[in-house]
Protein chains: 2
Amino acid sequence: MTASLPRRSLTLRDVSMASGVSEMTVSRVLRNRGDVSPATREKVLTAARSLGYVPNRIAGGLASQRVNLVAVVIPSLSNLVFPDVLGGISAELDDTALQPVVGVTHYGPAREEAVLYDMLSWRPSGVILAGLEHSPASRSMLKAAGIPVVEIMDIDGPPIDVTVGISHERAGAEMAAHILAAGYRRIGFIGTHMPEDHRARKRLAGFERVLAEAGHPLVAREYYQGGSSLGKGRELTGRILSRQPELDFLYYSNDLIGAGGLIWAREQGIDIPGRLGLAGFNGVDLLDGLPIRLATTDARRVEIGRRAARIVAGKEPRPESGVIALAPTFLPGDTIRAPR
Amino acid sequence: MTASLPRRSLTLRDVSMASGVSEMTVSRVLRNRGDVSPATREKVLTAARSLGYVPNRIAGGLASQRVNLVAVVIPSLSNLVFPDVLGGISAELDDTALQPVVGVTHYGPAREEAVLYDMLSWRPSGVILAGLEHSPASRSMLKAAGIPVVEIMDIDGPPIDVTVGISHERAGAEMAAHILAAGYRRIGFIGTHMPEDHRARKRLAGFERVLAEAGHPLVAREYYQGGSSLGKGRELTGRILSRQPELDFLYYSNDLIGAGGLIWAREQGIDIPGRLGLAGFNGVDLLDGLPIRLATTDARRVEIGRRAARIVAGKEPRPESGVIALAPTFLPGDTIRAPR
DNA sequence: TTGAAAGCGCTAACAC
DNA sequence: GTGTTAGCGCTTTCAA
């Protein structure tokens, strides 16, 4: 049995004819606009439902010059952190007419440009995008779009319109301060080699700055390509420690490789946090059930998503300065000694 | 300094005037359609770029009656498994004109209905949605849409149009067979209490059927509410084993709680897989770096996404039967004994 | 409270 | 290779 697929979809006109009411009134009923008598209303709704009418927003958007979409542009979906941001955005948009539409850039500026072009061609009511670094063409597009543009997750730089996030420079600096206060001195770093991961870069810069100022500069670094995983963390931790066994602390650019390193170090029987301290970044709750908790920084992902959405939705005014700064929060966990 | 936001966005007309070429030809250039002389082409492109023109797809879609969107409707983004499916979809759509647009249902049929209504109102070229269970209204909408509809991840039931996935009944049955073959006899189950997680339900049904047929029916079960996490897995494993210490195998409804159980059991010094065997479901690679690998079933997520996308994109014909069955693949890991 | 007319910005179809 | 015309399905505006 083959269901016969309708050649074209239903229009207001079909509902109008089925209900004996003008298209305009049908439109009013379906959008809950203006005054319509209960009787007419009922007639229309019945007709629409029985026909299985689904409004055509393409036409509606063109006519009204208004589309209730918010473009959300992020680097990746497999990164664990972006679903949290999306959760915040979507929770805050839930009681508005706005709907998020997600585009993924895979950390490529050219790809970001293409995604933006694409999304802007749907004339969304606002844009939320990760980071402050964009190609000149992307910046022009966003400025020319005439809609709210909220850059998120980073405030170390000038926004196009508004930015909501944490200072990664500060997050790195604060972590360095905690590590030094706990007495660690021979500190190494493990992170992605991604020129386009500006936030990781800024964190490392802040981290190194504080270490250097204290006279205990970073003594080792290990970079990797590709995605983060527990396995990668194990491997790199093994490598950096076999090369420089004197290291007493490892700072990871994210929690997942940090957790991998933690698992490896425990297998080796290394005393943590005594002989070796470890810290990651993000504060992902996925890892909460591990035997010991990795020290990390909560990047305030959900809240960032919420605030960004609030601004786009007009629930909260655009800040005068264009900047909404949240504080990165240190989570000590079990992998860093108490301060001396 | 306040950038002046343009009151309305540019139109083809603006590009036409700036380049001295008709709107129609501008449209041709911008879409790479038809023959346009290189000279004209250049003029148009230059004008469009310098103005910062971004086409209006709302208008384009209305005029052409064709929108290059594929609606993708999934229960959750935080579930680890759906990003994989999305990855497969997006990889396969990358060399087509189609673009995925994602909607999230949070496992609610009413919410699914709303999301579908919403997405269909954009007149997408196709729909990919998780599961075979939908409200009657959802089914009517989908049938009436007149576009390819691909239900994914489950083939235990009749599709609306096409379904691509694995049989969860079979996945559960096969896991039971492996467990029995390894000599385990006192088997328990830990899973979500989600009436709407039909796939988990079907897996358990297949699992129990084989156990019962072999004369070793399931002897314990533990359900939980809410999301899955390592912590939840630890907690439930502790609970079920303290209640029924004689259990020699635990089957989990997903890898994450399974891994939590594994971590807990190792902490207790329980011999795995000797004294106790464990298995999860999904085959998520996130957990690859754990000290020992959890036995599981690869649910073929990426491939499911790919095949679904291929059908929507017309790269592969709709199967006669409407069903594309992939084989769930048993991954023995280290938490199940070798068969006797 | 309801209806009629115009037009949103683009593209299909056809003419030149 | 390029231009003209009509119209996609709705909503805005104005009139009744």
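Letters A, B, ... mirror the listed sequences (proteins, then strands); counts begin at 1.
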J.: Judged by atom type as modelled, is there a donor-acceptor pair below 3.5 Å linking the side chain of B:Glu112 to the main-chain atoms of B:His134?
T.: no
J.: Under a plain distance cut-off of 3.5 Å, with no hydrogens placed, do B:Ser121 and B:Asp118 share a side-chain donor-acceptor pair?
T.: no
J.: Between C:dG9, D:dT4, C:dA12, which nucleotide has the shortest distance from any of its atoms to the side chain of B:Ser22?
T.: D:dT4
J.: When the axes are fitted on five pairs at both termini, how much does the helix from C:dT1-D:dA16 to C:dC16-D:dG1 curve, in 10° steps?
T.: 30°
J.: Can you pull out the residues from residues 48-68 of chain B that lie within a 4.0 Å heavy-atom distance of DNA chain D?
T.: B:Leu62, B:Ala63, B:Gln65
J.: May I ask you to test the A:Val104-A:Phe82 pair for a side-chain heavy-atom distance under 4.5 Å?
T.: no
J.: A:Ser37 side chain: which of C:dT1, D:dT4, C:dG3 is closest?
T.: C:dT1
J.: Taking only distance into account, with no hydrogens and no angle test, what donor-acceptor pairs under 3.5 Å do side-chain atoms of residues 58-73 of chain B form with protein atoms, sequence neighbours excluded?
T.:
from, atom 1, to, atom 2, distance (Å)
B:Ser64, OG, B:Gly60, O, 2.9
B:Ser64, OG, B:Arg66, N, 3.4
B:Ser64, OG, B:Arg66, O, 3.3

J.: Between P on C:dG3 and CZ on A:Arg13, what's the gap in Å once rounded to a whole number?
T.: 14 Å
J.: How long is the line joining CZ of B:Arg28 and P of D:dT4, in whole Å?
T.: 11 Å
J.: Can you check whether A:Thr40 has a side-chain N or O nearer than 4.0 Å to OP1 or OP2 of C:dT1?
T.: no
J.: So do the side chains of B:Pro148 and B:Val162 get within less than 4.5 Å of each other, counting heavy atoms only?
T.: no
J.: Rounded to whole angstroms, how far apart are CD on A:Glu23 and P on D:dT12?
T.: 15 Å
J.: Select one nucleotide: of D:dT2, D:dT11, C:dA13, the one nearest the side-chain heavy atoms of B:Met24.
T.: C:dA13
J.: Hey, is CZ on A:Arg13 packed in by over 12 heavy atoms from elsewhere, all under 6.0 Å?
T.: no
J.: Let me know the distance between CE of A:Met17 and P of D:dC10, rounded to the nearest Å.
T.: 14 Å
J.: Got a second to check how far B:Asp154's CG is from B:Thr163's OG1, nearest 0.5 Å?
T.: 6.5 Å
J.: A:Ser16 and side chain to side chain contact (heavy atoms under 4.5 Å, CB included): which single residue from A:Thr11, A:Val44, A:Val26 fits?
T.: A:Val26
J.: In whole angstroms, how far is the P atom of D:dT11 from the CG atom of A:Asn32?
T.: 12 Å
J.: Which nucleotide wins on minimum distance to the side chain of B:Leu12, given the candidates C:dC10, D:dC10, D:dT12?
T.: C:dC10
J.: Under 4.0 Å between a side-chain N/O of A:Thr25 and OP1 or OP2 of C:dG3, yes or no?
T.: yes
J.: Using OP1 and OP2 only, check whether a side-chain N or O of B:Ser27 sits under 4.0 Å from C:dC10.
T.: no
J.: Check this one for me: any side-chain N or O of A:Arg31 less than 4.0 Å away from OP1 or OP2 of D:dT11?
T.: yes
J.: Would you state whether a donor and an acceptor, one from the side chain of A:Arg123 and one from the base of C:dG9, lie under 3.5 Å apart?
T.: no
J.: Under the 3.5 angstrom rule, does the side chain of B:Ser27 hit a backbone N or O of B:Glu23 as a donor-acceptor pair?
T.: no
J.: Any side-chain to backbone donor/acceptor pair from A:Ser140 onto A:Pro136? Under 3.5 Å, distance only.
T.: yes
J.: Rounded off to whole Å, could you give me the CZ-to-C1' distance for the B:Arg33 and C:dA13 pair?
T.: 14 Å
